[in-house]
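Written below as structure tokens is the structure these notes are about.
This one's a predicted model, so the numbers in the text were calculated from it and none came from an experiment. Below, chains carry the letters A, B, ... as their sequence lines are ordered, and counting in each starts from 1.
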Amino acid sequence: MRVLRFFFILISSFLILSILFNKSLFSYIEQKYHKDYRVDFALFDVINNISGNFHIVDNKLNLELFELKNHNYVLESANNLSSKQISHKDLFINFRKNDFSYLKDATHKYEADFSMYELILKYNQKHNKKNLSYTKSENSINIKQDEKKEDAIQDIKDDKDLIDNSKIHLNKNDKVLLIGDSLMQGTGMFIIKELKQGEVKTKNIAKQSTGLAYKKFYDWQSELKKALNEDEYKAIVVLMGVNDYWDMINPNNRTKYLKFGSDEWNEVYSSRIKEIVDEAKAKNTEVLWYQLPAVKKKALNDKVAILNVTMENTIKNENYGVFVKVDDIFGDFKEYVKNEEGKKKSVRGSDGVHFTPYGYSLMAKKLLDYIEFDKEINDEK
Amino acid sequence: MSFTFFSVEFFLTFMAFFLLYHFVKDIKYQNYLLLAFNIGLLYFIGIYVLLIVLIFSFFVHYFALLIYTRLSKYILLSSIFFIILNLAFFKYFPELKSDIDEILMFFNMSESFNFVFPVGLSFYTFNAITYLYYVYKYKEVKPFFELVTYLSFFATICSGPIFRANNFFEQYYSIKRFAKEGEIITLVLFAVVKQVLVANYLGIMIDEYTQDVTTLSILGLLDIVWMYSLMLYFNFSAYVNLVKALALMLGYTLPTNFDMPYISANIKEFWTRWHISLSSFFRDYVYIPLGGSYGGFAKTQLNVFIVFLLSGIWHNNTLNFAIWGAFHGLCLIGFNCWNKWGKPLPNFLAKFITFNVVSILWAFFYFTSFEDIWLYFHSFLLNNAVSSKDILICGVIFIWFLVYQYSSGLFCAIVYIFNNLHFILQVIVVVLVLMVVFVVMPDGIPNFIYSSF
């Protein structure tokens, strides 16, 4: 009897709270299980009207922890992207089929490496041609079919402008805003330290478990707008996406789902990226957008690869900002990286997604490749 | 897969298990159910974690049989040495990776492997040590599945408290009568308020304050360690409150781990009130075997120092943690000397000094790298201007400190009031408290600091 009474107290409390916070509960379910179980129930409407914005961002979520498994898909696929005409859609279709064999089997007579792939992208952009890797049409440059392919490659290699990364110039006392998820929370701690050498002030408002896919759960656009209204920032640095590789509820029709990686999904996701960038641009704020580092679990890493393509495509092709690449260190998943003394140091957390402090410091250092500090400060140094 | 006790899923699963557990009145079946729940939870956390626990249990069982058959102190000591070695291997593997790889490469073997520190290894290692000692002392070996139930006990596996074998098995065989409803619900409410509300907000404030310590005033720098001191306490004691409530629901009383540590008038008292299960473990399994207080004043102080140094190194292998342990050891030696030759300080002053010493030493806990801690202490010399926020935080902490000194009866009073309420009113109280918490809490997942140790 005592057991039942106790059970009643806890369960009825839970039920009452679930009804009172139904919006939050459904948001939690949507974000965690990627299903929308919202029901039209008059009581909920009444309560939600009374409670107004009683919307708690759930404190129990963490979609960023995954099982451990090793692989190196991102670099591999990137290599192959440069050698073969692979569209975003192809990548998606093959991801759905879970078949990457054709990527692995693809031979590449020029032995293009990842930097080559980058150069080709830049070459395409510079010469106003459609991007090599992402276009679905035949308009894209096909190096293989180009009769003057050797010359084309030499041309690319010789073009020094292509090798120089576009950089953001930061002056003394400029302010930089960091937004993102838990990866940014960790990386941000070290970005603050790195930017200090240019006497740049940094604010980190990253929030764990957030992303761009679940706007009802956390709306980065409005958070950013709020932050940019409160203070003036020279640039924002964005690192998010590891909570986003799931099917999404169609914002135009909430009864339908958009399959992760499908054209519609990419379109919506790309528009979310643009929303963030547009908020920044409206305030004349530069945007530095981090590429996602590889994660340990292969299935998720395949998704990371797709997300990275969408992000890079949006940021670079639209000339929206600077895409901060981290794949020379974290393009394929590794748990240890040699430090300057040649000693292996652990870089990844036990979940295969997050980093150790040393790993975060390496992530933060990558940002410096895309930043130029005040000349005076450089001279002082 | 991520796991937290603070989740809707865990709550619902545990409530179903709770009903089933008490529905089956037979102790034998209740214990089977408990084993199944422990295993299920570990499987959910990760099969790797489960496998390590099972393999570890096999070894502990084997050692226990050896100790039981031989009754040799050397076998006991070598078994303990082996399981500590196991803990040290997992804990310090990342540091040894380069050297291990070199050895493997010498033999032309693959170097692409890694050992991730499994959740709770520290705590079930400590529990296993108490079990092996129990076998040696009481000459009694438990069946393997009972040992697995003990070592994988869901309430203590993640972050303790250390649940000694004799204490656990005494309760394991006794009839579980469900009682103490008021205490359980009060513990849960305390846990939620402390963690979800207080510790989370403190965490946010600390993050904000530590973004750039070189810009802070001396008061602001002190605010960091005071806030961290409170956060650590609220975070860890909230966790212990919660697991204590869960264990009580199944008829297990966990050992007390916190007893209002910040009312301590000296550092020695502090260690009898803070993380009690760990400090008493170190006392009984390190300090006393080293000779304890036998062997004169100087030898006692040396033993104290060794214990605290070991405690620091156990927490983490960075220099800062060793310094933290060493400083605590030195403070305790200093107190022992003062106690022997000096005059006692006024009570409130002693409490205030103790709180400050402990708080400043927590800085070594918070800033894990040597450069960071150096920068932190160096920033005291910069003497930046004090902001009104620094003063406000200091004021709030000081008021809390004063109120806290007189709040020792608070928990019992709430339990008493709660027990005397009609159960419908009890529901209303629970809903109201949680409602307030959910409305004003910050975002974020409760992150239990101790689970990584």
- Task: Using salt bridge (charged side-chain N to carboxylate O under 4.0 Å, His left out) as the criterion, point out the one residue from A:K196, A:K201, A:K203 that pairs with B:D212.
- Result: A:K196
- Query: How long is the span from the CD atom in B:Q426 to the OG atom in A:S12, to the nearest 0.5 Å?
  - Reply: 10.0 Å
- Query: Is it the backbone or the side chain of A:I192 that comes under 4.5 Å from a heavy atom of chain B, or both, or neither?
  - Reply: side chain
- Task: Hey, could you give me the OG/CD1 distance between A:S13 and B:I185, rounded to the nearest 0.5 Å?
- Result: 7.0 Å
- Note on the structure: Interface check, chain B: of A:I9, A:T356, A:N204, most non-hydrogen pairs under 4.5 Å belong to A:I9
- Task: Give a yes or no on this: more than 12 heavy atoms of other residues, nucleotides or ligands lie within 6.0 Å of atom CD of A:Q221.
- Result: yes
- Item | Under 4.5 Å from a heavy atom of chain A, the part of B:I47 involved | neither
- Query: Quick check: are there more than 12 heavy atoms from other residues, nucleotides or ligands sitting under 6.0 Å from NZ of A:K234?
  - Reply: yes
- Over 12 non-hydrogen atoms of neighbours within 6.0 angstrom of OH in B:Y92: yes
- Message: Does any backbone or side-chain atom of A:T202 lie under 4.5 Å from a heavy atom of chain B? Answer side chain, backbone, both or neither.
- Response: backbone
- Query: Heavy-atom count around A:K175 NZ within 6.0 Å, excluding the residue itself: above 12?
  - Reply: no
- Task: Please say which of B:H22, B:K180, B:E181 ends up in a side chain to side chain contact (heavy atoms under 4.5 Å, CB included) with A:F6.
- Result: B:E181
- Nearest heavy-atom approach of A:L20 to B:V431 is CD1-CG1, 4.3 Å
- Task: Quick one: which of A:I11, A:L4, A:I16, A:L10 has the most heavy-atom pairs under 4.5 Å with chain B, could you say?
- Result: A:L10
- Query: Checking A:K345 against chain B: side chain, backbone, both or neither under 4.5 Å from a heavy atom?
  - Reply: neither
- Message: Students often mix this up, so state it plainly: with edges at 30° and 60°, are the rings of A:F14 and B:F11 parallel, tilted or perpendicular?
- Response: tilted
- Item | Per-residue contact mode, B:I428 against chain A (heavy atom under 4.5 angstrom) | neither
